[in-house]
Amino acid sequence: MENNVSPKKERVLSLDVLRGFDLFVLLCVGPLFLSLAAGPFKDFFQTNAWGKAIEAQFHHVRWEGFVAWDLIMPLFLFMVGAAIPFSLSKYTSGSEEKPTFRLYFRIIRRFLLLWILGMIAQGHLLDLKIQGLNFYSNTLQAIAAGYLISSILYLIFRIKGQILITILLLAAYWALMTFVKFGDFGGGSFLPESNLSEGIDQKVLGCWRAGVVFQKDGSWAFSTTSHYTWILSSLTFAATVMTGLFAGELIRTGIAKNTEGEADEKKKKSVRVRIFGLLLLIGVLLTAAGFGWSKIPEGSPGYCPLIKTIWTPSMVLFSSGLSFILLALFYAFYDLFGFRCGSTLFKVIGMNAIAAYMLPRFFNFSTIAKMPLHGLEQYMGVWYTPLITFSGFMLVWFILWGLYRSGRFLRV
């Protein structure tokens, strides 16, 4: 833990708020909605066409396609990238400070800590058993890989080089998936059981791959239902983080212009309007590009369906475009117009994002909430589970609020 009582004055509120909003949806809105859909409003969400369509937005698409719930992880990676320019810009070309061995060590240390936390969160590391250990299977590890690659690219290359390499990352993933054949995998297949990314994960991770089923005699087999891939997808994880980095750099350079000389309020607002417009425009273009790419028919040159499970390039463009649009809207609301509605609720989470993500992995807060509230079950009926779900989240939030008030933030 680090004591940061006085945040920097130039801190961009929308970045903290959007990061917090993303986790708020993950930790509160999603679970609360599903408890309501399975309880008080069960008939509506199971029988009404509109209800079914809404509920579908809170479940991951099994393979091809995209719903609102699928944006949670890409947005998290995107926001990690958006923070990079604010922490590393003083070391880039033209700055007084230059990258040092100590800086690269810090980047690698953060990569390793995120990786270990990911293994704790979803890799069964604390079970202290070799059997059942998942080496690469969690959002934090995807962030670790993306952060490591993106930070180094940001320190070494200028913006044009960064954009070119990001395009190359997407192109390399697509080319490998399309043209490389590895046993029964690859050769242009984007199917769950036969795509190249699946084959690489099976070959490299073996029994440490997520979803592996173990038998009593110690034998094991790959899951026939879980097809999330990680190793080859690290290329596109990095591309997602890089798109967030470009958004953060756009905002950071705008702030720099507003702090040069004696810029008046009219000029400052003009720069903010320009930032908003560029974020929105880039978002629309990337979303359209990703959607358009995903619609190329199978068998045609450039075929690349939109699949979050294997993190295809079309999905990167589509989800990053939506992330740009969301950031543009949050930037306009909080930094352009200066509204503060809901900022504390989300900022408390967003400024302690790693703690917010890990706390529910260590403690079952819904079970803790039941202890003082168990007597209400007999009176509340189907409303009891939503109450416990919301109460569990509020316990997490108040812990984060206490950390926020004391100026303590978990940094890795």
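Note: hydrogens, waters and symmetry copies are ignored here, and every other heavy atom, side chains too, is used.
- A search for side-chain contact (heavy atoms from CB on, under 4.5 Å) contacts involving Q122 returns S137, N138, Y357, not counting sequence neighbours.
- Among pairs with a residue in residues 293-319, none fulfils salt bridge (charged side-chain N to carboxylate O under 4.0 Å, His left out), at least two apart in sequence or across chains.
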Show me the donor-acceptor pairs within less than 3.5 Å that the side chains of residues 379-401 make with the rest of the protein, sequence neighbours left out.
unit_1: T389; atom_1: OG1; unit_2: T385; atom_2: O; d: 2.9
unit_1: S391; atom_1: OG; unit_2: L387; atom_2: O; d: 2.7
unit_1: W397; atom_1: NE1; unit_2: L345; atom_2: O; d: 2.9

Run the side-chain donor-acceptor check on residues 34-45: report pairs under 3.5 Å with partners two or more places apart or on a different chain.
unit_1: S35; atom_1: OG; unit_2: P31; atom_2: O; d: 3.4
unit_1: S35; atom_1: OG; unit_2: L32; atom_2: O; d: 2.7

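- Taking the ring-ring contact (aromatic ring centres under 6.0 Å, His included) definition, one finds that W230 meets it with Y136, F237, sequence neighbours left out.
- By the salt bridge (charged side-chain N to carboxylate O under 4.0 Å, His left out) test, R19 pairs with D16, sequence neighbours left out.
- Considering every non-hydrogen atom in both I84 and Y147, the closest pair reads CD1-CD1, 4.0 Å.
- The nearest pair of heavy atoms linking P305 to T312 is O-OG1, 2.8 Å.
- Looking at residues two or more places apart in sequence or on another chain, you find a ring-ring contact (aromatic ring centres under 6.0 Å, His included) between F222 and W220.
- Partners of V29 by side-chain contact (heavy atoms from CB on, under 4.5 Å), not counting sequence neighbours, listed by chain and number: F24, V25, F58.
- Open room surrounds NE2 on H374; 12 or fewer heavy atoms of other groups in view lie less than 6.0 Å from it.
- With salt bridges taken as basic N to acidic carboxylate O contacts below 4.0 Å, none links E55 and K52.
- Checked against ring-ring contact (aromatic ring centres under 6.0 Å, His included), F111 has the following partners two or more places apart in sequence or in another chain: W115.
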With a cut-off of 3.5 Å and sequence neighbours excluded, list every side-chain donor-acceptor pair involving residues 203-210.
unit_1: R209; atom_1: NH1; unit_2: D201; atom_2: OD2; d: 3.1
unit_1: R209; atom_1: NH1; unit_2: Y228; atom_2: O; d: 3.0
unit_1: R209; atom_1: NH2; unit_2: E198; atom_2: OE1; d: 2.6
unit_1: R209; atom_1: NH2; unit_2: E198; atom_2: OE2; d: 3.2
unit_1: R209; atom_1: NH2; unit_2: Y228; atom_2: O; d: 3.3

Only distances under 3.5 Å count here; give the side-chain donor-acceptor pairs of residues 167-181 to other protein atoms, sequence neighbours excluded, each with its distance to 0.1 Å.
unit_1: Y173; atom_1: OH; unit_2: I310; atom_2: O; d: 2.6
unit_1: W174; atom_1: NE1; unit_2: T178; atom_2: OG1; d: 3.3
unit_1: W174; atom_1: NE1; unit_2: Y303; atom_2: O; d: 3.1
unit_1: T178; atom_1: OG1; unit_2: W174; atom_2: O; d: 2.7

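- A donor-acceptor pair under 3.5 Å links the side-chain atoms of T243 to the main chain of T240, judged by distance alone.
- In this structure, R62 contributes its side chain and H60 its backbone to no donor-acceptor pair below 3.5 Å.
- Residue D184 places its CG atom among 12 or fewer non-hydrogen atoms of other residues, nucleotides or ligands, all under 6.0 Å distant.
- The two atoms that bring P74 and W311 nearest to each other are CG-CH2, 3.6 Å, heavy atoms only.
- Screening residues 271-290 for ring-ring contact (aromatic ring centres under 6.0 Å, His included) gives no qualifying pairs among residues at least two apart or on separate chains.
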